[in-house]
Each structure stands twice: as C-alpha cells, then as structure tokens.
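Side chains are part of it too, since the values below use all heavy atoms of this structure and drop only hydrogens, waters and symmetry mates. Letters go in sequence order (proteins before strands), and every chain restarts at 1.
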2 protein chains.
Amino acid sequence: MLSTNQIIEAMSSQGLRITDQRKTLARLFAETEGYLSPKDVYEYMGRTYSGLSFDTVYRNLRVMQELGVLEQVIFEDGVKFKASCSSGHHHHHLICLQCQKTLPIEFCPMQLTDTPDQFQVVEHKFEIFGYCKDCQSSGKVSPKTDQNQASSKGQ
Amino acid sequence: MLSTNQIIEAMSSQGLRITDQRKTLARLFAETEGYLSPKDVYEYMGRTYSGLSFDTVYRNLRVMQELGVLEQVIFEDGVKFKASCSSGHHHHHLICLQCQKTLPIEFCPMQLTDTPDQFQVVEHKFEIFGYCKDCQSSGKVSPKTDQNQASSKGQ
DNA sequence: TTGGATGCAAACCATTTGCAGATCT
DNA sequence: AGATCTGCAAATGGTTTGCATCCAA
C-alpha cells in the first residue's frame with residue numbers, strides 16, 4: 001500500500017496542487033485497509049470540511065485513480081476505491097465480504113490455465129471472497145445465508 | 001446455454017405469465033452468445049414493440065435474473081445479462097473484449113490456491129479477458145492500446 | 001374474473017458538467 | 001498572476017416506483 005507521502009508525492013509530481021482536502025484524502029486512503037465508496041469518502045471528509053461537496057470528492061477520486069494512486073473496483077453495490085498496492089509485482093486478492101479488507105496472495109493461476117490458442121488473452125481477474133479472521137471472530141458473520149455484496153457466483 | 005423453451009418453461013413453472021414480450025425476450029437471450037445491456041435489450045425489443053418502455057425491460061430482466069434464467073455481470077461500463085449456462089457444474093469463462101462472447105473453461109484454480117486458514121472462503125471469481133478467434137481475424141482489434149471495458153488490471 | 005404485466009410519468013440515486021469565486025504555486 | 005480547485009446548482013444517465021390500465025391464465 002502507498003503511504004500518505006507517496007500519494008502526495010505522486011500527485012504533486014504530476015503538477016496537481018496539494019490542497020488541504022487532498023492531503024486529508026491521501027491520509028485517509030493510506031490509513032484505510034479496505035475499500036471506500038465515494039459516499040464513505042464524502043462522509044469522512046465532510047466531518048473536517050463542512051462545505052464539502054460531492055462533486056469535488058468525485059473529481060478527486062477520479063483524478064487519483066487516473067494518476068494511479070488509487071485502484072477502482074466495481075462491486076455489486078457500486079464503485080469503491082483503495083490505495084494502490086505498491087508491491088510492484090503481479091498478485092491477486094482475498095477480499096473480506098464483511099469489512100472489505102484485502103489480503104494479497106501471490107499465487108496466480110494464469111500459468112496453469114489452458115486457453116484455446118485461438119483466444120488472445122489480454123488480462124484476467126482472480127478474486128476470492130470470504131470472511132477474514134477478525135470478522136469471523138467478531139461473530140457478525142452468517143456465511144451460509146449471506147448473499148452479500150461484492151460477490152458473483154464464481155464464474 | 002438455456003434454450004428459448006427452457007427459459008419460457010422455467011418462467012411459466014414459477015407462475016410468471018408468458019406474454020409476447022417475454023417470449024421474444026427468451027428467444028433473444030437464447031440466441032445471443034454475448035452479453036446484453038438493458039439498453040441493448042430495449043433497442044432490440046423496441047423494434048418489435050413500439051410502445052415499449054424501459055421500466056418493463058428492467059423489470060423483466062430483474063425477474064428473469066432472480067429466477068435464475070439470466071446471469072447478471074457487472075462490467076466497467078454497466079450491468080449486462082446473458083442466458084444462464086445450463087451445464088450444471090462449476091466452470092469459468094473467457095470473455096471477449098470485443099464482442100463479449102464467452103467461452104467456458106473447465107479449469108478452476110481454487111483447489112490449487114493456498115488461502116490462509118484464518119480466511120473463510122465463500123466464493124471466487126476467475127475471468128479471463130481477451131479477443132476471440134473471430135474478433136482477431138476481423139482485424140477490429142488493437143490489443144495493446146485497448147484499455148477496454150469489461151477489464152480490470154488482473155488483481 | 002383477477003392477479004400479474006405493461007406503459008406512463010415521476011421519483012430516485014449516483015455521477016458529471018458549467019461556471020464563478022477561492023486557492024495553490 | 002495565472003492556472004488549478006472548489007462549491008454550487010443544474011444536468012445527465014441509469015434504474016426504480018406508484019398507479020391506472022390491460023391481458024394471460
């Protein structure tokens with residue numbers, strides 16, 4: 001995960017202006033393990049910046065995503081963001097359905113996957129959903145019935 | 001893939017009424033290999049049913065998805081639907097970035113994936129994006145530059 | 001006959017845009 | 001100073017809802 005300073009650094013090096021809001025945004029993402037929706041961000045930021053408007057949040061999320069400091073993922077219940085993984089190399093994620101924290105896994109199944117050679121592979125997605133240690137022990141989880149967000153019948 | 005009649009059968013057996021529109025809808029999905037957006041469906045259906053309204057399309061798509069005859073997938077550019085795979089068993093898909101046709105693959109990497117045992121796996125997603133034989137030969141494809149829909153940096 | 005299906009209009013929500021004024025560099 | 005940011009308001013696009021009417025069973 002990128003640190004607050006790495007995020008700010010990246011933004012400033014691209015000619016973006018470092019406003020107070022953007023500093024706070026950088027800190028928020030650097031310190032959050034899970035995914036945040038635009039609304040999450042708006043609510044968090046709103047506590048500090050009273051006149052805050054939603055469009056500024058959207059603008060900044062987009063800018064940061066285009067810049068590569070944020071990763072955008074589309075869940076069933078909408079778009080969410082988190083700080084980019086800084087580990088340079090390719091990896092996948094376990095994603096907690098409860099708290100949405102992610103755990104990296106190094107294993108990539110692509111080398112083992114036989115694809116018809118008429119098909120030209122461009123990219124792939126491999127994500128595992130479930131419940132992390134903390135959420136299991138907190139007892140909030142009813143795995144069998146939970147047809148939760150972020151899921152999709154393992155296609 | 002389900003056939004027109006299988007779709008109609010399933011709907012009727014659930015007490016849904018088989019209207020003309022729903023027959024056409026069943027046929028459309030049975031005969032379409034790729035994914036269709038609500039707009040695609042609306043436009044197609046609109047040719048036959050002049051007074052067609054968008055909300056009916058949405059309602060039917062939702063009903064059919066809840067019934068299990070359609071599969072819903074969320075792409076970067078929105079929700080899309082296709083007829084459910086009838087092959088009872090678990091499998092994954094290659095998805096063409098150009099025409100969105102899907103090819104099933106039997107290989108599932110989950111058995112080979114080591115997950116921390118504190119993590120309780122619920123489900124997974126494994127999808128491969130690229131260009132199918134037809135789209136490659138039709139020369140419409142510029143793979144290197146295409147930061148296409150339906151994609152997501154293989155995390 | 002009658003409850004589900006449809007079309008219409010309007011509501012709703014998330015996201016984007018134009019613009020004027022404020023802020024960073 | 002000058003370009004970028006921000007807030008506001010309004011537009012947009014996708015999706016849902018309420019209601020009266022219509023139609024399949």
Practice task
Measure from CG on Asn60(B) to P on dA5(C) and round the result to the nearest Å.
Solution key: 8 Å
Problem - Options dA25(D), dT6(C), dT6(D), nucleotide nearest the side-chain atoms of Arg22(A) - result: dT6(D)
Completion exercise
Considering only heavy side-chain atoms of Arg59(A), the closest of dT16(D), dA14(C), dC8(D) is dC8(D)
Handout entry: Nucleotide of dA5(C), dT16(D), dT6(C) approaching Leu16(B) most closely (side-chain heavy atoms)
Key = dA5(C)
Handout entry: Separation of dT15(D) C1' from Gln72(B) CD (nearest whole Å)
Key = 12 Å
Fill in the blank from the handout: Rounded to whole Å, the CZ-P distance (Phe54(A) to dC5(D)) equals 20 Å
Practice task
Might you point out which heavy atoms bring Leu61(A) and Pro38(A) nearest each other, and give the distance in Å?
Solution key: CD1-CA, 3.9 Å
Handout entry: Whole-Å distance separating the CZ atom of Arg62(A) from the C1' atom of dT4(D)
Key = 15 Å
Exercise for the section: Answer yes or no: are there more than 12 heavy-atom neighbours, outside Gln118(B) itself, under 6.0 Å from its atom CD? Expected result: yes
Practice task
Answer yes or no: side-chain N or O of Asp55(B) and base N or O of dA5(C) forming a donor-acceptor pair under 3.5 Å.
Solution key: no
Practice task
Check for a donor-acceptor pair, side chain of Thr4(B) on one end and backbone N or O of Ala30(B) on the other, with a separation under 3.5 Å.
Solution key: no
Exercise for the section: Return the value, rounded to whole Å, for the distance between atom CD of Glu76(A) and atom P of dC13(C). Expected result: 20 Å
Practice task
Find the distance Ile8(B):CD1 to dA5(C):P and express it as a whole number of Å.
Solution key: 14 Å
Problem - Rounded distance (Å) that lies between atom P of dC5(D) and atom CD1 of Ile18(A) - result: 9 Å
Problem - Options dC24(C), dA24(D), dA9(D), nucleotide nearest the side-chain atoms of Thr19(B) - result: dA24(D)
Exercise for the section: Go through the steps for Tyr44(B) and Thr24(B) under the test side-chain contact (heavy atoms from CB on, under 4.5 Å), then give the verdict. Expected result: CA-CA 10 Å; Tyr44(B) 176 86; Thr24(B) 307; 4.1 Å; yes
Exercise for the section: Can you tell me the distance, in whole Å, between the CG atom of Asp77(B) and the C1' atom of dG13(D)? Expected result: 13 Å
Exercise for the section: Looking only at side-chain atoms of Arg17(B), point me to the closest of dT17(D), dT6(D), dA5(C). Expected result: dA5(C)
Handout entry: Thr56(B) or Val79(A), whichever maps to the more 5' nucleotide of DNA chain C
Key = Thr56(B)
Exercise for the section: Give a yes/no on whether any side-chain N or O of Ser53(A) is located under 4.0 angstrom from OP1 or OP2 of dG7(D). Expected result: yes
Practice task
Return the orientation label for the Phe126(A) and Phe126(B) ring planes: parallel under 30°, perpendicular over 60°, tilted otherwise.
Solution key: perpendicular
Exercise for the section: Pick base, sugar-phosphate or nothing for Asp20(A), based on heavy-atom distances below 4.0 Å to the nucleic acid. Expected result: nothing
Practice task
Tell me whether the OP1 or OP2 atom of dC23(D) has a side-chain N or O from Gln21(B) closer than 4.0 Å.
Solution key: no
